[in-house]
Amino acid sequence: MVHFTGEEKTAVTNVWSKVNVEEAGGEVLGRLLVVYPWTQRFFDNFGNLSSSSAIMGNPKVKAHGKKVLTSFGDAIKNMDNLKGAFAKLSELHCDKLHVDPENFRLLGNVMVIILASHFGKEFTPDVQAAWQKLVAGVANAMAHKYH
Amino acid sequence: MGTCRSLGAGAALAEARSGARGCTMVLSAADQAAVRALWRKLDTNVGVYTTEALERTFVAFPSTKTYFAHLDLRPGSAQVKAHGQKVADALTLAVNHLDDLPRALSALSDLHAHKLQVNPVNFKLLGHCLLVTLARHYPGDFSPALQASLDKFLSHVIWALASSYR
């Protein structure tokens with residue numbers, strides 16, 4: 001089980017409190033689909049994903065990105081029990097959506113990069129380290145119910 | 001991770017299987033242009049950013065420090081800065097040889113494989129932290145398209161660096 005120190009939790013929540021979940025969600029999911037095009041395999045019904053600008057402007061990408069980041073926000077309220085917090089979503093992504101958990105790790109790293117671009121100086125190595133721990137914990141929690 | 005330029009399907013496949021350096025993975029013209037343009041912008045500061053990337057790697061992924069037990073890894077360390085410059089020089093070499101990375105990086109590959117014996121998984125961690133560093137310092141430039149080009153460039157460098165391993 002992942003244990004977060006007080007400093008790590010503070011580093012995460014300080015950043016998160018300033019994140020616009022709707023904007024950031026679209027950004028994170030959009031960049032995942034642009035930088036790692038094979039992830040588009042899960043979004044056949046999203047319409048136009050033919051170019052970087054099409055993807056970043058796609059309303060379905062934005063909406064789904066918001067959903068994903070909202071879940072992240074719920075996780076941040078449950079940092080001491082990520083596996084419990086993500087149990088249902090893990091089952092869904094395995095049984096219904098058939099998503100390779102490796103993609104959760106890719107998404108986590110894209111998120112860290114976007115946070116760096118938004119927060120600049122504030123995104124120190126220590127803050128990054130706390131976030132790397134969180135996204136790794138979330139990815140593991142999301143993979144936990146796979147069978 | 002990339003496709004081999006076709007030398008005739010059979011030859012390319014054979015070379016890919018043998019892992020021989022004859023199989024060249026080449027970035028698209030657009031990706032090459034994007035990487036070169038960024039490198040011109042970074043100019044003499046590449047070392048600053050690779051040093052920061054190293055610092056971030058050591059903090060976020062502590063297992064990477066096991067390769068540097070002989071160095072002072074505290075923030076601001078002159079030794080880390082010196083190593084950061086070595087990494088910068090290697091990446092600049094790569095940027096100047098985008099059409100032939102395996103050959104350009106073959107000496108470095110041999111070094112990391114046979115002398116330093118670094119598990120290649122660590123190159124990916126440093127690559128990620130370099131992207132974080134560049135996003136932090138150049139947010140206005142760091143479009144999805146540039147991120148994609150850089151990510152691909154780094155994965156090609158990593159592939160070339162790991163090509164001597166076995």
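Just so you know, these numbers come straight off a predicted model, no measurement behind them. Naming convention: chains lettered A, B, ... in sequence-line order (proteins, then strands); numbering from 1 in each chain.
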Which atoms of [X] approach chain B - backbone, side chain, both or neither, heavy atom under 4.5 Å:
| X | value |
| --- | --- |
| A/K133 | neither |
| A/S51 | neither |
| A/F119 | neither |

What's the spacing between [X] [atom1] and [Y] [atom2] if we round to 0.5 Å?
| X | Y | atom1 | atom2 | answer |
| --- | --- | --- | --- | --- |
| B/H128 | A/Q132 | NE2 | CD | 3.5 Å |
| A/H118 | B/R136 | NE2 | CZ | 14.0 Å |
| B/H137 | A/K121 | NE2 | NZ | 11.0 Å |

Exercise. Answer yes or no: are there more than 12 heavy-atom neighbours, outside A/K145 itself, under 6.0 Å from its atom NZ?
Key: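 It does not: A/K145 NZ has 12 such atoms or fewer within range.
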Exercise. Would you please go through residues 72-84 of chain B and name the residues with a non-hydrogen atom below 4.5 Å from one of chain A, in numerical order?
Key: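 Expected list: none.
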Tell me which of these, [options], has more heavy-atom pairs under 4.5 Å with chain A than the rest.
| options | result |
| --- | --- |
| B/K152, B/E55, B/R56 | B/R56 |
| B/C129, B/S143, B/G140, B/P62 | B/S143 |
| B/V59, B/T57, B/L150 | B/V59 |

Quiz prompt | Interface moiety of B/F61 toward chain A, non-hydrogen atoms closer than 4.5 Å | solution =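 The side chain, not the backbone.
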Assigning hydrophobic clusters by single linkage (Ile, Leu, Val, Met, Phe, Trp, Tyr; side-chain heavy-atom cutoff under 4.5 Å), is [X] placed with [Y]?
| X | Y | value |
| --- | --- | --- |
| B/I158 | B/L125 | no |
| B/L154 | B/L54 | yes |
| B/V121 | B/V157 | no |

Ignoring hydrogens, what is the shortest heavy-atom contact between [X] and [Y]? Give both atom names and the distance.
| X | Y | result |
| --- | --- | --- |
| B/P144 | A/V35 | O-CG2, 4.0 Å |
| A/S117 | B/P139 | O-CB, 3.2 Å |
| A/A129 | B/A60 | CB-CA, 3.7 Å |

Quiz prompt | Pairwise side-chain contact, A/V34 with B/Q147, heavy-atom cut-off 4.5 Å (strictly under) | solution =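 In short, these two side chains do not touch, never coming nearer than 4.5 Å.
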Quiz item: For chain B, which of A/S53, A/A130, A/P37, A/G120 has the most heavy-atom pairs under 4.5 Å?
Solution: A/G120
Practice problem: Determine, stepwise, if the pair A/I113 / B/F142 fulfils side chain to side chain contact (heavy atoms under 4.5 Å, CB included). | Solution: CA-CA 10 Å; A/I113 287 169; B/F142 211 75; 3.5 Å; yes
Quiz item: If contact means a heavy atom pair closer than 4.5 Å, which residues of residues 16-27 of chain A contact chain B?
Solution: none
